[in-house]
Q: 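Quick one: the structure is below, questions incoming.
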Amino acid sequence: ETGVTQTPRHLVMGMTNKKSLKCEQHLGHNAMYWYKQSAKKPLELMFVYNFKEQTENNSVPSRFSPECPNSSHLFLHLHTLQPEDSALYLCASSQGLAGGLSRSGANVLTFGAGSRLTVL
Amino acid sequence: RKEVEQDPGPFNVPEGATVAFNCTYSNSASQSFFWYRQDCRKEPKLLMSVYSSGNEDGRFTAQLNRASQYISLLIRDSKLSDSATYLCVVSPTNAGKSTFGDGTTLTVKP
């Protein structure tokens, strides 16, 4: 258990469905992230939130809509997805923004187990 | 050119072998460097941060060469449990935008 919990772990949806992925962290971190991991591709950063404010949207299509009501919770709302959106969606958190100039390790990413999404 | 490039692998080595992975990055302004480990169908987990002076953690040694813009990971006395994909991660000065390499897969065989 990493302290970052994602639900559901597996999700199958049709292209016309609306679903949401949930992420909750119990680490007291201030920054939260959504990453996408497709087969044979590196992790792709999607969104970054710091103190529940969005600081990064990595040109993600609008069919993915993030929501961060507080520093502990992060959602990814999904609607009218395409089959190529099938992937593992990973949530992560860090004390400060990841990669910040900290030798203490406080700004490294802690990942959840991921939500494996299949779009039919 | 990819921002972060890793040895394509896969690496198949016997137990006890020493194996080294290399990773190059294109952004000379990058400030933070990490190696993560990802087991099959699991999430990535931090293996170690990489510091300018190089650092060691048991059987694992990480080094950074800023002039040549590459980082390396050396694993000594490989164990079966070291079998995983190793991800190189580089972060620029604008914190929050960590870039992951494709990963290098290691299989340690008995």
Side-chain angles (χ1 to χ4, degrees), chain A residues 1-6 9-10 23 25 29-51 53-59 87-116, chain B residues 1-10 21 23-27 29-55 57 62 64 66 71 84-105:
Chain A
E1 184 60 52
T2 64
V4 181
T5 303
Q6 289 188 241
R9 294 291 308 277
H10 300 273
C23 177
Q25 56 97 0
H29 288 170
N30 299 311
M32 296 188 76
Y33 312 76
W34 280 116
Y35 279 85
K36 175 183 178 182
Q37 189 173 36
S38 304
K40 308 294 184 185
K41 286 187 175 182
L43 271 78
E44 300 171 61
L45 179 66
M46 299 176 73
F47 301 103
V48 181
Y49 279 82
N50 193 34
F51 291 97
E53 297 297 323
Q54 188 179 113
T55 59
E56 188 71 32
N57 177 338
N58 199 22
S59 303
L88 180 67
Y89 289 84
L90 289 158
C91 174
S93 70
S94 61
Q95 181 63 46
L97 286 176
L101 301 182
S102 167
R103 195 179 171 88
S104 69
N107 294 337
V108 298
L109 297 165
T110 299
F111 285 89
S115 294
R116 188 163 296 279
Chain B
R1 183 187 171 187
K2 292 181 180 179
E3 287 187 55
V4 178
E5 291 204 61
Q6 294 188 235
D7 287 335
F21 305 138
C23 170
T24 58
Y25 59 94
S26 60
N27 185 347
S30 298
Q31 291 290 338
S32 301
F33 309 89
F34 309 90
W35 284 102
Y36 276 73
R37 168 193 171 131
Q38 187 171 23
D39 292 291
C40 188
R41 304 188 76 80
K42 296 282 187 73
E43 73 276 17
K45 293 184 178 179
L46 178 70
L47 179 66
M48 57 199 302
S49 302
V50 187
Y51 303 128
S52 297
S53 54
N55 47 300
D57 183 3
L64 167 65
R66 285 188 185 273
I71 68 175
T85 296
Y86 291 83
L87 303 168
C88 172
V89 184
V90 175
S91 294
T93 52
N94 47 329
K97 296 188 69 174
S98 297
T99 301
F100 284 72
D102 288 356
T104 300
T105 299

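So that the names make sense, note that chain A is the first sequence line, chain B the second, and so on, each numbered from 1. Basis for what follows: all heavy atoms, side chains included, without hydrogens, waters or symmetry-related copies.
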Q: Name the member of B:R41, B:K42, B:K2 that forms the most heavy-atom pairs with chain A at distances under 4.5 Å.
A: B:R41
Q: For the side chain of A:Y33 and the backbone of B:K97, is there at least one donor-acceptor N/O pair under 3.5 Å apart?
A: no
Q: Can you tell which part of B:K45 gets under 4.5 Å to a heavy atom of chain A, answering side chain, backbone, both or neither?
A: side chain
Q: Which answer fits A:A113, side chain, backbone, both or neither, if we ask what part of it has an atom under 4.5 Å from a heavy atom of chain B?
A: both
Q: How about B:Y36 and A:L109: do any of their side-chain heavy atoms sit closer than 4.5 Å?
A: yes
Q: Does B:E3 CD have over 12 foreign heavy atoms under 6.0 Å away?
A: no
Q: Do the side chains of A:P42 and B:V4 get nearer than 4.5 Å, heavy atoms only?
A: no
Q: Check each atom of A:L43 against the heavy atoms of chain B and say whether the ones under 4.5 Å are side chain, backbone, both or neither.
A: both
Q: I need the residue from B:G103, B:P44, B:G101 with the largest number of non-hydrogen atom pairs under 4.5 Å to chain A.
A: B:P44
Q: A:T110: which residues meet the side chain to side chain donor-acceptor pair (under 3.5 Å) condition with it, sequence neighbours left out?
A: none
Q: Got a sec, which residues hit side chain to side chain donor-acceptor pair (under 3.5 Å) with B:N55, two or more places apart in sequence or on another chain?
A: none
Q: Do B:Q38 and A:Q37 meet the criterion of a side-chain donor-acceptor pair at a distance under 3.5 Å?
A: yes
